[in-house]
Amino acid sequence: MIVVVSGPGGVGKGTVVRELVAHDPQLWLSRSWTTREPRPGEDPEAYVFVDRPAFEAHIARDGFLEWAEFLGDLYGTPVPDRHGDSDLLLEIDVQGAAQVVRRHPDALLILLVAPSDDEQRHRLETRGDSPDQVASRMAKATEEVAAGRQLGAIEVVNDDLGATVDRLEALIAARRQEY
Ligand code: 5GP
């Protein structure tokens, strides 16, 4: 099974997926590639950081399950080489989610949204995005939420981390029963 957690920047997707993985050994979190520069203080393992030619060469080799350009940088999920019996967990933008759903219509698609614009802006500011990045990510958020809804994603408001993780675990458990 594939679980996709999508939604705008600053809604807390990263924290939520880390919690899911910590609680559920059956989930296997894919590590994305990006051409974005690491943020100051960002975990060097957060992504495979590559330059554009390396990313494009990987596209040419059909090395991505999906990829998308997001605010000028490329992001992609490498084709999973081995995740055994695990369920694949992806934390990706809405354009990437659309590609996954096209290839895997039975994927569980979750759209995480912030409780308010103020909260979202605050999260972007405190994780080290520049003022320009905060402004462009906020402007893009409305469009991303609309696109996620169009895909028929299950929308979850992330106002309390524990409650959000519980809700996602319940959705995953319910979907597993269908398999
Ligand atoms: P950030 O620069 O904030 O780390 O990520 C920007 C956006 O790209 C976020 O919405 C994040 O979820 C998304 N993203 C991260 N990895 C991937 C990926 O592999 N594919 C796609 N399509 N989006 C990704």
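Read the numbers this way: they start at 1 and go in the same order the structure lists the ligands and their atoms. Everything numeric here is computed off the predicted structure, so don't read it as measured data.
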Taking both backbone and side-chain atoms of [X], is any N or O found less than 3.5 Å from an N or O belonging to ligand 1?
| X | answer |
| --- | --- |
| R36 | yes |
| E42 | no |
| E144 | no |
| W67 | no |

Starting from atom 16 (N) of ligand 1, locate the nearest protein heavy atom and write down its residue, its atom name and how far away it is, to 0.1 Å.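 Answer, as residue, atom name and distance: S32 OG, 3.1 Å.
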Students should be able to answer this: which protein heavy-atom is nearest to atom 13 (C) of ligand 1, and at what distance?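 Among all protein heavy atoms, the one nearest atom 13 (C) of ligand 1 is D93 N, 3.5 Å.
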Just jot down the ligand 1 atoms closer than 4.0 angstrom to any heavy atom of [X], in number order.
| X | value |
| --- | --- |
| E66 | 18 (C), 19 (O), 20 (N), 21 (C), 22 (N) |
| R127 | 3 (O) |
| A68 | 22 (N) |
| T77 | 19 (O) |
| R137 | 1 (P), 2 (O), 3 (O), 6 (C) |
| G96 | 22 (N) |

At under 4.0 Å between heavy atoms, is it the side chain or the backbone of [X] that contacts ligand 1, or both, or neither?
| X | value |
| --- | --- |
| R39 | side chain |
| R31 | neither |
| K13 | side chain |
| Y47 | side chain |
| Y75 | both |
| Q95 | neither |

Any non-hydrogen side-chain atom of Y75 less than 4.5 Å from a side-chain atom of D93?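 No, too far: nothing below the 4.5 Å cut-off.
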Angle between ring planes, F64 versus F55, binned at 30° and 60°: parallel, tilted or perpendicular?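 Aromatic pair F64/F55 classed parallel.
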I92, W33: one ILVMFWY side-chain cluster at the under-4.5 Å cut-off?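 No, separate clusters.
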Out of curiosity, does L71 fall in the hydrophobic cluster containing L74 (side-chain heavy atoms, cut-off under 4.5 Å, transitive links)?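 Cluster IDs for L74 and L71 differ.
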Between R18 and E91, does any side-chain N to carboxylate O distance fall below 4.0 Å?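 No, R18 and E91 are not salt-bridged.
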Between D87 and R176, does at least one N-O distance fall below 4.0 Å, as a salt bridge requires?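 So D87 pairs with R176 through a salt bridge.
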Could you give the distance from [atom1] ([X]) to [atom2] ([Y]), rounded to the nearest 0.5 Å?
| X | Y | atom1 | atom2 | result |
| --- | --- | --- | --- | --- |
| R137 | R123 | CZ | CZ | 14.5 Å |
| I2 | L109 | CD1 | CG | 11.0 Å |
| E42 | Y47 | CD | OH | 7.0 Å |
| S130 | E125 | OG | CD | 10.5 Å |

Step by step, work out the side chain to side chain donor-acceptor pair (under 3.5 Å) result for D73 and T34. CA-CA 7 Å; D73 283 304; T34 185; 5.6 Å; no
For ligand 1, is there an atom lying under 4.0 Å from some heavy atom of G76?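 So G76 counts as touching ligand 1.
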Is it the case that more than 12 heavy atoms not belonging to H23 sit under 6.0 Å from its NE2 atom?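 For H23, atom NE2 is crowded (more than 12 foreign heavy atoms under 6.0 Å).
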